[in-house]
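All heavy atoms count here, side chains included; hydrogens, waters and symmetry mates do not. Sequence lines set the chain letters: A, B, ... in the order given, protein chains first and strands last, and positions in each chain run from 1.
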Number of protein chains: 2
Amino acid sequence: MVQDSIRTLQAQGHKATKPRKLVLEVLEETEKPLSPYDIKRILRARGKYLNHVTIYRILNLLCSLNLAHKMLSSGGFVKCSLDAIEGCHRFMVCQHCGAIQEFADKELCQEENDFAQNFGFHTEHHLSEFSGLCSQCYRK
Amino acid sequence: MVQDSIRTLQAQGHKATKPRKLVLEVLEETEKPLSPYDIKRILRARGKYLNHVTIYRILNLLCSLNLAHKMLSSGGFVKCSLDAIEGCHRFMVCQHCGAIQEFADKELCQEENDFAQNFGFHTEHHLSEFSGLCSQCYRK
DNA sequence: GGGCTAATTGTAATAATGTTGCATTTAGCC
DNA sequence: GGCTAAATGCAACATTATTACAATTAGCCC
Ligand SMILES: [Mn+2]
Ligand SMILES: [Mn+2]
Ligand SMILES: [Zn+2]
Ligand SMILES: [Zn+2]
């Protein structure tokens, strides 16, 4: 919910501005990764004008608060729906329809940590992205 | 080894050109993610001049043959050292020194496939990146 | 509600990154 | 050593991203 994100913003001392609400709404409705200029175009089509500099700044802020995430493969931004496990960002991306599905799994984190440990590597953050077909697209 | 990559190139019907060797050498020596323009700068400092368009094209080719990989988090390119499991690209990145370590693990792939299956998602490709500290940097 | 002020946004200019079409060069082959 | 398809270079352009500073606004106080 956009409203939840707004509350988190305010709880951290940031203002609930109109541009921030607009960006959050677009991300929430679209449910697909969007570039800053995608967001600008979508808003323009609705008669709302945001400067691209503003959009960049808003996306940076949202990511720093884990309210949005920059997709690894495409570089597009999505709204985070889960309270991610600290430093862990995982998504499935349908390569047919583009829909994304966020997920989290403590066990997977643990196994990855153990695995890396074998290399002497001390893991702090996990990023992972699966691409494939969502259930709807797979049926076809 | 650069020589291995060159052989793979030729085996696939591509030419072993001087620019391709230069790009492979830089990637191999550096062992850190590099942008196309990073590569251009490094070569220029050595008195070698490659057009950025050429570098883009070489990196595209190398990635399409799985001889290089575009890092998820930074967008930089690295030389692949392993014959990756089909459609699976995994790296650890030291957030202190920037060194990267490629890895592969069939079991992890299987677990991820199973996990996604619970969402009805049919996984084809796995991308993952851990960030943390390599053994050297961790000791300090 | 109306003013105050720090936070936020807009503007303009610039930098960095990436792409395209076509001329020129070169690797691999005979 | 020539031939030719493949690869590279060049020029122009398009897109994406950042910076400095001016204008606006959200949240707060009264
Ligand atoms: Mn993230
Ligand atoms: Mn790859
Ligand atoms: Zn789908
Ligand atoms: Zn390190």
Out of D:dT8, D:dA11, C:dT11, minimum distance to the side chain of A:Val53 belongs to C:dT11

Whole Å only: how far is the [atom1] atom of [X] from the [atom2] atom of [N]?
{"X": "B:His52", "N": "C:dA16", "atom1": "NE2", "atom2": "C1'", "answer": "11 Å"}
{"X": "B:Asn51", "N": "D:dT8", "atom1": "CG", "atom2": "P", "answer": "11 Å"}
{"X": "B:Ile55", "N": "D:dA7", "atom1": "CD1", "atom2": "P", "answer": "17 Å"}

How are the rings of B:Phe130 and B:Phe103 set relative to one another: parallel (under 30°), tilted (30 to 60°) or perpendicular (over 60°)?
tilted

Per the under-4.0 Å heavy-atom filter, residues of residues 42-50 of chain A near DNA chain D come out as none

**Prompt:** With a non-hydrogen cut-off below 4.0 angstrom, is B:Arg20 in contact with a base, only sugar-phosphate, or nothing?
**Reply:** sugar-phosphate

Sorted by chain and residue number, the side-chain contact (heavy atoms from CB on, under 4.5 Å) partners of B:Thr17 (sequence neighbours excluded) come out as B:Lys15, B:Pro19, B:Arg20

Without hydrogens or angle criteria, can the side chains of B:Asn113 and B:His122 be said to hold a donor-acceptor pair below 3.5 Å? no

Handout entry: A:Asp114 side chain to A:Gln110 side chain, donor-acceptor N/O pair below 3.5 angstrom
Key = yes

With five pairs defining each end axis, the helix from C:dG1-D:dC30 to C:dC30-D:dG1 comes out bent, to 10°, by 40°

message = Set out, in order, the CA-CA distance, both residues' side-chain angles and the distance that settles side chain to side chain contact (heavy atoms under 4.5 Å, CB included) for B:Leu108 and A:Glu112, then state yes or no.
response = CA-CA 8 Å; B:Leu108 196 53; A:Glu112 290 181 352; 4.1 Å; yes

Exercise. In this structure, are over 12 heavy atoms from other groups packed under 6.0 Å from A:Phe119 atom CZ?
Worked result: yes

*asked:* Is it the case that atom CD in B:Gln10 sees more than 12 heavy atoms from other parts of the structure closer than 6.0 Å?
replied: yes

- Message: Counting the benzene-type ring for Trp, do A:Phe77 and A:His69 have ring centres under 6.0 Å apart?
- Response: no

Note to self: Tell me whether the side-chain N or O atoms of B:Arg57 pair up with the base of C:dG18 as donor and acceptor below 3.5 Å, since no angle test is needed here.
What the structure shows: no

Output a table of donor-acceptor pairs, distance under 3.5 Å, between side-chain atoms of residues 93-101 of chain A and any protein atom two or more places apart or on a different chain; print 'none' if there are none.
none

Name the pairs: protein N/O against N/O of nucleotides 25-27 of chain D, kept only if under 3.5 Å.
{"unit_1": "D:dA26", "atom_1": "N3", "unit_2": "A:Lys15", "atom_2": "NZ", "d": "3.1"}
{"unit_1": "D:dG27", "atom_1": "OP1", "unit_2": "A:Gln10", "atom_2": "NE2", "d": "3.0"}
{"unit_1": "D:dG27", "atom_1": "OP1", "unit_2": "A:Ala16", "atom_2": "N", "d": "3.0"}

Contacts of B:Glu31 meeting side-chain hydrogen bond (donor to acceptor under 3.5 Å, both in side chains) (sequence neighbours excluded), chain-then-number -> none

Between B:His125 and B:Cys88, is the side chain to side chain contact (heavy atoms under 4.5 Å, CB included) condition met? List the steps. CA-CA 6 Å; B:His125 301 281; B:Cys88 174; over 6 Å; no

